[in-house]
Amino acid sequence: MKILPNSLLSRRVSSCPASSPSTSLQCLPALHLFDEMPLRDRDSRRLNALLSSHARSGDFTSALLLFQKMRAFGVPLDSYSFPSVLSACSTSPRLGRQLHSLMVKSGCLSSPITATSLLRMYSNSSPIEDVLLVFDEMPTRDAVAWNALISSLVTSGHAGEAVSAFRSMAATGILFTGFTLCSLLKACAALRAARQGEQIHAQVIIAGCDSVVISTALIDLYSSCSQVDMAIGVFSRLECPKDPAIHNAVANACVKNGSFHEVFALLVKMKPVNAVFLTSAIAACSESLNLSYGRQIHCVIFRHGFDFDTILCNAIINMYSKCGHLRFAHLAFDCVGDKNVISWTSIIDAYGIHGRGGEALALFNRMEDEKASTTVSPNEVTLLSVLSACSHSGLVDEAKQCFLLMKEKHGVEPNSAHYACLIDLLGRGGRIEEAWDLFCALNASKNTLSGPVCVAMLNACRISMDFARGELVVMNLLELDPGNPSVYVQISNFYGDFGRWEGVEKLREGLITRGLKKELGRSQIAA
DNA sequence: ATAGGGTTAG
């Protein structure tokens with residue numbers, strides 16, 4: 001079952017990743033330029049131009065060093081000095097704040113251009129409140145300023161507020177641009193607002209601002225709204241040249257909506273392939289449990305020299321793990337040069353789902369040991385994988401120990417998924433008293449009681465044949481998640497275990513009056 | 001002088 005032509009499989013490595021050039025060498029010419037400039041030439045206009053050229057070429061170190069020199073030599077700073085240097089410090093909020101105060105002192109915030117650069121700086125590294133403050137204090141706001149605000153709201157997870165901001169923008173009489181519509185499409189995608197998204201799509205067509213970038217956002221919108229055919233339609237109707245990003249967007253849309261073969265068909269036609277596309281292609285193999293295609297695509301990745309890409313490697317680890325090939329998952333993990341928290345979580349989870357909790361724990365400890373040198377720390381997903389690995393292997397005490405250390409040692413606050421996992425684990429271990437104590441504590445504080453926590457507790461009651469406690473949990477569960485059909489299945493199974501068929505019947509009636517239907521399951525048996 | 005789209009773990 002080979003899908004890829006030999007030409008693709010055997011292509012020589014075309015581009016090896018260039019190692020990044022040394023920053024210290026890069027900034028030497030910048031310093032020389034300034035130092036060798038005759039004193040009379042060191043005026044704001046020339047130096048601002050130099051500053052902006054450094055920033056535009058991505059040489060932020062030189063831009064910041066030059067800015068320092070300008071200050072040291074008393075070169076007057078004006079509105080043309082700040083945008084470049086602000087873009088150079090987007091990852092350093094402390095430096096950004098200092099620049100902000102300099103801008104206030106030099107009266108450079110009256111222009112919407114400089115104020116917008118400041119807003120973008122804050123939106124890259126600071127809480128949304130800081131961004132709003134800058135926007136509120138702008139004396140005049142043009143379309144670019146509004147666009148920056150809307151885009152900042154969307155990327156910080158405030159999609160609803162972004163739509164409101166757009167309404168305010170329109171009410172102020174500022175005309176939207178293609179950039180505005182692009183951010184709104186992202187907002188609609190985040191809100192799964194298909195209707196509103198279609199209306200923006202109409203605006204795009206009316207305003208005639210459809211482009212490859214807008215189309216990419218449209219594909220992502222339809223993908224998020226589970227309308228993969230619409231996404232593919234936008235892609236295939238696009239008349240301008242298609243760039244890598246739009247290919248990647250449509251591949252992602254297909255993966256997310258289960259159209260795996262479309263991804264493979266695109267891959268065969270695509271030239272040149274890129275690492276992002278291959279990541280989606282690997283994800284398609286994981287989702288469809290297609291080890292054969294996964295291995296072929298892994299070959300392509302290797303031959304193209306993309307195996308340095310951490311995100312792609314993480315997808316490969318996950319693919320081998322999901323397809324049942326733990327040994328290859330581990331080999332792929334060992335090959336990741338720059339392991340991040342997802343690399344570690346993926347391999348820990350891989351051992352967990354293969355029932356090898358001891359090795360998962362050993363990897364977790366290794367991650368802790370290497371923390372100092374790699375600056376990678378476990379997060380809440382990592383801890384959930386560790387707990388779940390213990391659960392699959394019956395390592396109850398190890399899980400409890402890990403749970404106790406979660407906050408103080410790892411700095412991770414347990415959430416309801418962690419609680420559910422722990423209760424499930426205690427229940428399976430027949431330790432219903434401990435599970436019940438935890439459940440009652442959560443019930444008392446309310447905010448951590450969730451559907452999954454109740455389901456775990458209910459299962460614990462089934463295992464320990466504790467009908468009285470189970471009935472209490474049933475009441476909690478029906479109150480918490482009455483619209484979820486699978487909840488009724490769980491409860492029904494609980495009553496069934498105890499032969500309480502009248503309970504099952506009552507539940508069935510409840511299901512019918514609520515008009516709930518359980519989604520049909522599908523099973524896949526590998527040949 | 002400021003501006004938009006694509007990828008990995010539960």
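In this text the structure is predicted, and so the values were computed from the model without any measurement. Letters A, B, ... mirror the listed sequences (proteins, then strands); counts begin at 1. Note: hydrogens, waters and symmetry copies are ignored here, and every other heavy atom, side chains too, is used.
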I want to verify a distance call: between [options], whose nearest atom is closest to the [X] side chain?
X        : options              : result
A:Ile246 : B:dG5, B:dA1, B:dG10 : B:dG5
A:Ser346 : B:dT2, B:dT8, B:dA9  : B:dA9
A:Ser280 : B:dA9, B:dT2, B:dT7  : B:dT7
A:Thr177 : B:dT8, B:dT2, B:dA3  : B:dA3
A:Val381 : B:dA1, B:dG5, B:dA9  : B:dA9
A:Ile342 : B:dT2, B:dG4, B:dT8  : B:dT8
A:Thr216 : B:dG5, B:dG4, B:dG10 : B:dG5
A:Ser117 : B:dG10, B:dG4, B:dT2 : B:dT2
A:Asn252 : B:dG10, B:dT7, B:dA9 : B:dT7

For [X] and [N], give me the distance from atom [atom1] to atom [atom2], rounded to whole Å.
X        : N     : atom1 : atom2 : value
A:Ile353 : B:dA9 : CD1   : P     : 12 Å
A:Leu181 : B:dA3 : CG    : P     : 19 Å
A:Ile214 : B:dG5 : CD1   : C1'   : 9 Å
A:Arg120 : B:dT2 : CZ    : P     : 11 Å
A:Asn48  : B:dA1 : CG    : C1'   : 9 Å
A:Asn274 : B:dT8 : CG    : P     : 13 Å
A:Lys256 : B:dT8 : NZ    : P     : 4 Å
A:Leu218 : B:dG4 : CG    : P     : 17 Å

How is [X] classified with respect to the nucleic acid when contacts are heavy atoms under 4.0 Å: base, sugar-phosphate, or nothing?
X        : result
A:Ser79  : base
A:Ile348 : nothing
A:Val250 : nothing
A:Asp309 : nothing

Does the B:dA9 base have a donor-acceptor partner in the side chain of A:Asn379 within less than 3.5 Å?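 For A:Asn379, whose side chain was compared with the base of B:dA9, there is a donor-acceptor pair (under 3.5 Å).
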
Got a donor-acceptor pair under 3.5 Å from the side chain of A:Thr279 to the base of B:dT7?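 Result: at least one qualifying N/O pair found.
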
Tell me whether the centres of the aromatic rings in [X] and [Y] are closer together than 6.0 Å.
X        : Y        : answer
A:Phe166 : A:Trp146 : no
A:Phe364 : A:His410 : yes
A:Tyr122 : A:His100 : yes
A:His354 : A:Tyr351 : no
A:His247 : A:Phe235 : yes
A:Tyr293 : A:Phe260 : no

Residues A:Asp78 and A:Ser44: side-chain donor-acceptor under 3.5 angstrom: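 No donor-acceptor contact under 3.5 Å links the two side chains.
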
Any side-chain N or O of [X] below 4.0 angstrom from OP1/OP2 of [N]?
X        : N      : answer
A:Lys186 : B:dG4  : no
A:Asn147 : B:dA3  : no
A:Asn314 : B:dA9  : no
A:Lys322 : B:dG10 : yes

